[in-house]
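First the structure, in the form of structure tokens, and then the observations on it.
Side-chain atoms are counted along with the backbone in the values below, which use heavy atoms only and exclude waters and symmetry mates.
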Amino acid sequence: MLVYNKYLPVPKQFNDEFWTVEKVEHIRYLSLTGKPYKIFNEDMNSLRVLDKVRFKLDKATSISLIPKANLELKFSGIYMKSPLYLGDMSYGALSGNPNIAIATAADLTETLAGTGEGGLHPEVAKHKRIFVQWASARFGVDIRVLTAGMGVVIKIGQGAKPGIGGHLPGNKVTEPISVTRRIPIGIDAISPAPHHDIYSIEDLGQRIEALKEATGKPVFVKVAATNYIPYIVSGIARMGADGVIIDGHGAGTGATPVVIRDNVGIPIELAVASADNILRREGLRDKFTIIAAGRVSSATDAAKLIALGADVVSVGTGALIAMGCVMVHKCHVGSCPTGLTAKIDGTRVVDVEFGVKMLVNFINGFSMELANILDNLGLNSIKELRGKRELLYGHGLSKDTLEILGIEGTEDEVNPKLGELWNRRVIAYMHELMNKGNPVITSMGSTAPPDVEKPARIIDWLRSDGAQVTRPSIDPYREDVDTSFYLKGGEIYLSLPIIFDITEASLEYKEAFSWSALALSSAVFDYETIDKYAEVFISSDGKGIARWSKSDIYENSYLLIPADENVIDEVIGMGVQGFIVDEDSGNSDLELVVSALDTKLKEVGVRNHYDILAKSSRLRHSADAFKLVLLGADSVIMPYFILEKAIGEGNKGNLKEKAFSLIAGMKKEIALLAGAAGVYSVQSTLTGNRELLRSINLSYPIRKALRIKPAGSL
């Protein structure tokens with residue numbers, strides 16, 4: 001058995017990573033020494049909103065080993081020496097000993113620890129400064145578990161997977177987890193997306209009251225930071241909860257689908273600011289506690305979030321790094337090189353004493369840094385910092401973002417296209433999707449744009465919604481989500497809103513996509529029809545199921561137009577079946593032209609008379625297609641070379657099988673995104689439904705042109 005009781009070297013990071021080597025080294029210094037290291041951290045190149053928010057300081061900063069500021073607070077009868085909550089990491093996601101170390105450290109430092117979903121480790125149950133979780137599957141939960149700690153958390157959602165349930169892969173469900181969760185060994189433990197007894201805010205109120213009555217403990221509700229977070233939090237407060245844990249986009253997890261992790265939810269800083277604002281406006285802020293979670297990497301992050309309205313901050317990934325995590329994103333497969341999230345099979349464990357020592361030092365060092373920040377700001381206590389937005393200043397943020405944060409700042413309209421379309425991470429993700437034909441599962445927090453990676457196109461600044469509290473999500477693992485689309489007035493049936501452009505493909509790729517499209521009720525786009533696959537061809541020769549032309553007007557055919565906003569008025573009223581908006585032959589962004597065309601057709605009352613097909617060689621995956629549908633497209637024509645990118649230097653054999661798996665995987669991912677948003681039928685509910693999109697600090701003129709609300713807005 002390997003016992004980990006020291007830090008391993010941090011491997012070289014080949015991809016963009018939020019938890020950089022510098023952040024890891026900072027946390028390790030705190031954990032090894034228990035002393036402050038650095039405050040008022042700045043990352044000048046980051047596009048993360050929180051990194052663009054800084055404290056107003058008119059003097060040089062100093063760090064003392066004996067800071068004066070008081071970090072103590074009390075809520076719901078619970079005393080905390082420092083406003084730190086140690087994540088919500090389950091027994092199963094973690095390997096047991098880390099769970100014990102976290103609970104022990106919370107006791108020793110008089111902070112709090114969340115147990116996460118899935119029952120209670122017997123050693124963890126011996127500790128009192130824990131919040132136990134009541135999640136949708138109720139794995140291993142009974143009255144003894146519910147009364148074990150200082151409070152109860154009703155988990156509705158989490159930042160790494162808004163709108164879907166918890167996910168513990170079957171390979172990690174060993175006998176100890178089976179016993180604790182009361183589930184079979186080796187079977188995926190996938191929690192339902194919604195609580196099947198909570199379908200309304202009134203239902204939630206009944207559960208809050210019932211749990212208070214049963215346990216005599218304060219009850220918190222944990223939600224992901226999503227589009228309707230102001231309404232969600234105010235509803236939770238009105239239903240009598242003691243507080244809320246808001247888990248922002250980018251928060252870590254043991255396992256989640258990549259497509260959900262990277263494309264759903266909003267940053268914690270915007271969610272906290274908007275939640276605090278509405279609670280104050282509605283007279284609900286007193287005696288209601290906000291715990292802010294998701295990418296709290298330093299005391300500086302914590303101080304900013306408290307100044308924006310949080311009472312307490314949650315540190316999950318930071319706590320794992322303190323115990324040795326080296327960020328290899330292998331939690332979901334159970335092969336963690338430091339034993340923290342390893343499969344519980346007796347081969348590797350974390351030394352509990354080492355974990356406790358590192359965590360206690362980390363908490364003490366983190367707290368000293370936070371106290372030093374207060375000292376430098378001229379504040380005496382953490383209570384004085386809460387909601388003190390006048391101490392903050394935004395550097396280079398959009399007008400919308402500054403208004404939502406409620407702070408002063410300099411406005412800046414950032415170029416929306418800064419990054420690389422096909423970076424290492426995207427290629428690796430598409431490779432796995434192609435090989436498995438199922439949504440790709442990963443772990444830890446998102447590295448997606450714009451927060452970590454640089455955005456490559458406008459669509460990278462947009463996030464879709466995760467349904468919770470105000471409406472239930474739909475479970476795509478247990479319920480059918482209709483991803484089908486009908487084109488040409490119902491003549492063409494597609495099982496998903498994705499068509500592949502094979503005009504430039506070799507014959508073997510044409511065959512592979514045509515065969516797969518026939519097998520999966522999809523379609524291909526080309527000049528000439530392959531006769532044996534005629535029923536899936538949208539072609540210019542008129543022999544397939546639909547015809548297209550660049551210039552000639554044919555009844556019941558599609559007109560291919562350049563992605564140019566100036567041509568929209570010219571094509572309205574033409575006697576065609578619809579328009580193929582081609583980004584490659586235009587000078588405008590596809591997102592803008594599709595949205596403008598959809599809007600114009602609606603304004604003149606003829607939207608249902610035309611199909612809009614969005615076409616570009618710069619599209620990459622199902623999330624691009626999903627967001628374009630929300631902007632107004634009926635279907636999306638994607639380049640065949642997505643498959644070439646996915647194959648990479650790998651085996652180019654069995655192209656039909658690879659194309660089939662790629663399309664099948666995309667269909668399932670669209671079902672996941674729709675289900676997370678609470679949608680059963682994609683075409684009837686999602687086409688042009690911009691309300692399910694939010695922008696993250698996107699340039700104001702572009703956001704207005706798309707008619708999308710900014711993240712955190714009411």
Determine whether more than 12 heavy atoms belonging to other residues, nucleotides or ligands lie under 6.0 Å from atom [atom1] of [X].
| X | atom1 | answer |
| --- | --- | --- |
| Lys212 | NZ | yes |
| Glu22 | CD | no |
| Glu479 | CD | yes |
| Lys357 | NZ | no |
| Gln206 | CD | yes |

With no hydrogens and no angle check, just 3.5 Å: does a side-chain donor-acceptor pair link [X] and [Y]?
| X | Y | value |
| --- | --- | --- |
| Lys343 | Asn171 | no |
| Ser200 | Glu202 | yes |
| Ser191 | Arg138 | no |

Do [X] and [Y] have side chains that approach each other closer than 4.5 Å (heavy atoms only, starting at C-beta)?
| X | Y | result |
| --- | --- | --- |
| Phe288 | Ile236 | yes |
| Ser95 | Val349 | no |
| Phe75 | Met80 | yes |
| Ile201 | Thr470 | no |
| Ile164 | Ser473 | no |
| Leu146 | Val141 | yes |
| Ile177 | Thr174 | yes |
| Arg386 | Arg285 | yes |

Nearest atoms (heavy-atom pairs only) where [X] meets [Y]:
| X | Y | result |
| --- | --- | --- |
| Gln133 | Glu117 | OE1-N, 3.1 Å |
| Val145 | Gly140 | CG2-O, 3.5 Å |
| Ala299 | Leu370 | CB-N, 3.6 Å |
| Ile306 | Pro83 | CD1-CG, 4.3 Å |
| Asn70 | Leu374 | O-CD1, 4.4 Å |
| Leu112 | Met150 | CD2-SD, 4.0 Å |

Inset, instruction - May I ask you to say whether Asp345 pairs ionically with Lys172, meaning some side-chain N is under 4.0 Å from a carboxylate O? - result: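 Answer for the salt bridge query: no.
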Legend entry - Arg295/Asp301 ion pair, N-O < 4.0 Å: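 Salt bridge between Arg295 and Asp301, a charged N being under 4.0 Å from a carboxylate O: no.
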Got a second to check how far [X]'s [atom1] is from [Y]'s [atom2], nearest 0.5 Å?
| X | Y | atom1 | atom2 | value |
| --- | --- | --- | --- | --- |
| Ile198 | Ile156 | CD1 | CD1 | 4.5 Å |
| Thr300 | Phe366 | OG1 | CZ | 8.5 Å |
| Arg207 | Trp134 | CZ | CH2 | 6.0 Å |
| Ile102 | Met89 | CD1 | CE | 3.5 Å |
| Leu84 | Thr109 | CG | OG1 | 7.5 Å |
| Thr338 | Leu2 | OG1 | CG | 11.5 Å |

Please name the residue in the list [options] that meets the side chain to side chain contact (heavy atoms under 4.5 Å, CB included) test with [X].
| X | options | value |
| --- | --- | --- |
| Tyr85 | Val313, Ile245, Val315 | Ile245 |
| Met444 | Met327, His332, Lys330 | Met327 |
| His249 | Ile266, Asp451, Val264 | Asp451 |

Inset, instruction - Starting from the C-alpha separation in whole Å, work towards a yes-or-no answer on salt bridge (Lys or Arg N to Asp or Glu O under 4.0 Å) for Lys222 and Asp88. - result: CA-CA 10 Å; Lys222 180 175 182 178; Asp88 281 300; 3.3 Å; yes
Legend entry - Working for side-chain contact (heavy atoms from CB on, under 4.5 Å), residues Val124 and Tyr91: CA-CA 9 Å; Val124 173; Tyr91 176 44; over 6 Å; no
Inset, instruction - Would you sort out whether Tyr4 and Phe354 count as a side-chain contact (heavy atoms from CB on, under 4.5 Å), showing the intermediate values? - result: CA-CA 8 Å; Tyr4 295 91; Phe354 168 76; 5.9 Å; no
Legend entry - Lys23 to Phe18 six-membered ring, cation-pi geometry met (6.0 Å, 45°):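 The answer is yes; both the distance and angle limits are met.
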Please check if the side chain of [X] supplies one atom and the backbone of [Y] the other of a donor-acceptor pair under 3.5 Å.
| X | Y | result |
| --- | --- | --- |
| Asp107 | Arg129 | yes |
| Thr147 | Thr215 | no |
| Thr226 | Ile229 | no |
| His195 | Lys155 | yes |
| Asp311 | Ile290 | yes |
| Thr442 | Val258 | no |
| Arg261 | Ala251 | no |
| Asp247 | Ala224 | no |
| Glu72 | Lys81 | no |
| Ser274 | Leu270 | yes |

Inset, instruction - For the pair His26 and Glu369, evaluate side chain to side chain donor-acceptor pair (under 3.5 Å) and give the outcome as yes or no after the intermediate values. - result: CA-CA 11 Å; His26 183 166; Glu369 288 188 343; 2.9 Å; yes
Inset, instruction - For the pair Phe362 and Arg28, evaluate side-chain contact (heavy atoms from CB on, under 4.5 Å) and give the outcome as yes or no after the intermediate values. - result: CA-CA 8 Å; Phe362 167 67; Arg28 286 187 172 187; over 6 Å; no
Inset, instruction - Go through Asp262 and Ser446 one step at a time and tell me if the side chain to side chain donor-acceptor pair (under 3.5 Å) criterion holds. - result: CA-CA 6 Å; Asp262 290 353; Ser446 173; 2.7 Å; yes
Inset, instruction - Check the pair Lys161, His167 against side-chain contact (heavy atoms from CB on, under 4.5 Å), reporting the backbone distance first and the verdict last. - result: CA-CA 9 Å; Lys161 37 194 166 186; His167 195 142; 4.0 Å; yes
